[in-house]
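Have a look at the structure below, then the notes.
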Amino acid sequence: MDGVRNIVILTGAGISAESGLRTFRADDGLWEDHRVEDVATPQAFRRDPGLVQRFYDARRENVLAAEPNAAHRALARLDEEWDGELLIVTQNIDDLHERAGAKRVLHMHGQALSAWCLACDARHRWTGTLLDGPGCPACGEVAMRPDIVWFGEMPYEMERIFSALARADLFVSIGTSGAVYPAAGFVQQARSAGARTLELNLDRSQGSQWFDESRLGPASALVPLWVEEVLSE
Ligand code: BV8
């Protein structure tokens with residue numbers, strides 16, 4: 001890809017849909033069973049911590065039972081073989097990018113397999129449950145919450161994301177509806193930095209008009225073809 005050295009890739013729930021992890025806004029989507037306000041806000045956690053812990057304990061179990069698909073594996077190959085800059089910014093709380101072998105991954109909305117102690121601020125890899133109020137391995141306090149960025153909370157590592165967008169030659173969005181900010185605004189930032197913009201998605205996203213090119217279809221088919229294209233040029 002002539003003139004392309006620095007690539008930023010944004011992924012959303014759509015890239016993990018074919019691994020059996022439900023997306024958010026599909027008609028069987030996660031937010032179908034729960035109102036966002038009831039499970040994914042700091043107010044909800046204060047109001048009914050049991051409901052929120054149960055919701056994320058179930059998500060954690062689903063993540064542990066899921067396997068990476070061909071789209072995750074293709075991005076891991078790109079990460080392995082691309083000698084320019086590459087950053088995979090994911091909105092997903094699953095670890096399927098890493099389990100496929102990708103290294104240059106940033107979880108801007110947190111991780112299901114991480115618990116955050118509100119007493120000592122420690123973060124711990126966590127594969128069990130939090131509903132039963134386990135003590136923090138570092139301070140022993142029973143004060144751990146899912147290490148997830150909820151609505152109204154600042155996403156993680158925004159500085160690192162903004163500086164990568166400012167240097168990007170190519171911005172690629174995969175499996176996201178473009179409904180949630182600040183992630184939904186990245187395409188415009190990349191464009192204003194002069195980057196080419198490409199979306200790979202089942203349907204047109206809400207920000208589709210901002211992309212130079214939109215390829216519609218399942219990620220497991222579109223992503224391996226795109227990676228082959230990038231690495232063979
Ligand atoms: C913040 C973790 C401020 C939890 C998540 C500007 C305008 C309007 C509103 C706002 C704004 N700025 C901020 C807001 C408020 C809010 C927001 O955006 N609200 C929306 C609803 C309007 N944003 C926030 O609150 C953010 N925080 O702004 O903080 C601040 C500032 C200073 C100081 C302090 C605070 C935080 C947002 C993060 C919330 N947490 N996740 C959890 O996962 O449980 S968001 C969550 O929803 C996901 O992480 C993701 O980001 C979003 C879901 O979107 P997608 O991943 O795109 O999934 P979706 O189901 O919607 O779409 C799937 C897509 O895949 C579809 O397009 C489909 O076609 C496609 N697809 C399906 N199958 C496939 C496929 N594609 C390919 N192949 C397939 N097989």
Side-chain angles (χ1 to χ4, degrees), residues 9-45 51-63 66 68-72 74-75 88-97 106-114 116 130 145-159 161-162 172-189 198-208 210-211 214-226:
I9 298 172
L10 174 69
T11 66
I15 199 170
S16 297
E18 295 163 86
S19 294
L21 295 178
R22 294 159 65 185
T23 64
F24 291 75
R25 286 171 180 74
D27 47 15
D28 71 337
L30 277 168
W31 301 138
E32 288 303 307
D33 308 357
H34 297 278
R35 286 172 340 115
V36 169
E37 301 77 54
D38 296 342
V39 289
T41 65
Q43 298 79 0
F45 188 62
L51 173 66
V52 174
Q53 296 284 28
R54 243 194 314 279
F55 177 71
Y56 285 100
D57 283 354
R59 301 268 303 276
R60 197 171 300 112
E61 231 173 277
N62 297 344
V63 166
N69 62 55
H72 298 108
L75 293 185
I88 300 169
V89 178
T90 188
Q91 300 166 81
N92 300 341
I93 63 174
D94 65 58
D95 64 340
L96 299 181
H97 283 303
L106 184 164
H107 287 265
M108 71 178 291
H109 292 164
Q111 301 185 59
L113 305 184
S114 177
W116 176 21
L130 287 176
R145 64 164 263 185
D147 183 13
I148 303 284
V149 175
W150 286 324
F151 288 90
E153 296 183 323
M154 176 56 94
Y156 292 154
E157 302 195 71
M158 288 306 293
E159 293 321 310
I161 296 170
F162 286 153
V172 182
S173 173
I174 304 172
T176 185
S177 60
V180 171
Y181 288 79
F186 292 168
V187 59
Q188 288 159 303
Q189 279 167 270
L198 168 67
E199 87 173 326
L200 307 176
N201 219 53
L202 203 57
D203 327 287
R204 285 194 174 283
S205 67
Q206 292 181 18
S208 202
W210 301 110
F211 289 90
S214 296
R215 300 180 190 174
L216 303 184
S220 64
L222 293 179
V223 179
L225 287 173
W226 171 68

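Atoms within each ligand, like the ligands themselves, are counted from 1 in listed order.
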So is Gly152 in contact with ligand 1, going by heavy-atom distances below 4.0 Å? yes
One finds that the ligand 1 atoms under 4.0 Å from a non-hydrogen atom of Ile148 are 2 (C), 4 (C)
Closer than 4.0 angstrom, basic N to acidic O: yes or no for Asp57 and Arg54? no
Report the member of Val223, Asn201, Leu216, Leu202 with the shortest heavy-atom distance to atom 66 (C) of ligand 1. Asn201
Is there at least one pair of N or O atoms, one from Thr176 and one from ligand 1, spaced under 3.5 Å apart? yes
Could you pull out, from His109, Arg22, Gln206, Met154, the option with a heavy atom nearest to atom 49 (O) of ligand 1? His109
Please indicate whether any nitrogen or oxygen in Pro182 is less than 3.5 Å from any nitrogen or oxygen in ligand 1. no
Does some non-hydrogen atom of Arg204 fall short of 4.0 Å from ligand 1? no
Is any N or O atom of Pro155, backbone or side chain, closer than 3.5 Å to an N or O atom of ligand 1? no
Which of the atoms of ligand 1 are close to Arg59, meaning less than 4.0 Å from one of its heavy atoms? 42 (C), 43 (O), 44 (O)
Donor-acceptor pair, Ser16 side chain versus Ser19 backbone, under 3.5 Å? no
Heavy-atom nearest neighbour of atom 63 (C) of ligand 1 within options Ala179, Gly175, Gly185, Gly12: Gly175
Would you please determine whether Ala40 falls within less than 4.0 Å of ligand 1 on a heavy-atom basis? no
Taking only heavy atoms of Tyr56 into account, list the atoms of ligand 1 that are under 4.0 Å away from them. 4 (C), 42 (C), 44 (O)
Here the gap from Leu200 atom CG to Thr11 atom OG1, rounded to the nearest 0.5 Å, amounts to 11.5 Å
Answer yes or no: does atom CD of Glu61 have more than 12 heavy-atom neighbours from other residues, nucleotides or ligands under 6.0 Å? no
Apply side chain to side chain contact (heavy atoms under 4.5 Å, CB included) to the pair Arg215 and Leu225, showing each step before the final yes or no. CA-CA 11 Å; Arg215 300 180 190 174; Leu225 287 173; 5.8 Å; no
Pro218 neighbourhood, listing ligand 1 atoms whose heavy-atom distance to it stays under 4.0 Å: 78 (N)
Taking atom CH2 of Trp210 as the centre, does the number of heavy atoms from other residues, nucleotides or ligands within less than 6.0 Å exceed 12? no
Taking side chain to side chain contact (heavy atoms under 4.5 Å, CB included) as the criterion, tell me which of Thr23, Leu75, Asn201 meets it with Ile15. Leu75
Pair Glu199, Ser214 - check side-chain hydrogen bond (donor to acceptor under 3.5 Å, both in side chains), show working. CA-CA 5 Å; Glu199 87 173 326; Ser214 296; 2.9 Å; yes
Between Ser177 and ligand 1, find which residue part has any heavy-atom pair under 4.0 Å and reply side chain, backbone, both or neither. both
Given that the side chain starts at C-beta and the backbone is N, CA, C, O, which of these parts of Gln91 lies under 4.0 Å from ligand 1, counting heavy atoms, or is it both or neither? both
Mind checking whether Trp150 and Phe45 have parallel, tilted or perpendicular rings, split at 30° and 60°? tilted
Where ligand 1 meets Gly217 - atom numbers and elements under 4.0 angstrom, heavy-atom basis: 77 (C), 78 (N)
Taking His107 for the side chain and Asn92 for the main chain, is one N or O donor matched with an acceptor at less than 3.5 Å? yes
May I ask you to list the atoms of ligand 1 that are less than 4.0 angstrom from any heavy atom of Glu18? 78 (N), 79 (C), 80 (N)
Distance from Gln188 atom CD to Phe211 atom CZ, nearest 0.5 Å? 9.5 Å
Can you confirm, on distance only, whether ligand 1 has an N/O atom lying under 3.5 Å from any N/O atom belonging to Ala219? yes
Would you check, one step at a time, whether the test side chain to side chain contact (heavy atoms under 4.5 Å, CB included) holds for Arg145 with Leu130? CA-CA 7 Å; Arg145 64 164 263 185; Leu130 287 176; 5.8 Å; no
Any non-hydrogen side-chain atom of Asp203 less than 4.5 Å from a side-chain atom of Leu216? no
Step by step, work out the side chain to side chain contact (heavy atoms under 4.5 Å, CB included) result for Val180 and Phe151. CA-CA 9 Å; Val180 171; Phe151 288 90; 4.0 Å; yes
Is the closest N or O pair between Val180 and ligand 1 shorter than 3.5 Å? no
In ligand 1, which numbered atoms sit nearer than 4.0 Å to a non-hydrogen atom of Asp203? 68 (C), 69 (O)
Closer than 4.0 Å to some heavy atom of Ala13 - which atoms of ligand 1 meet that? 55 (P), 56 (O), 58 (O)
Which segment of Glu153 sits under 4.0 Å of ligand 1 when only heavy atoms are counted: backbone
Does Trp150 reach ligand 1 with a nitrogen or oxygen that is under 3.5 Å from one of the ligand's nitrogen or oxygen atoms? no
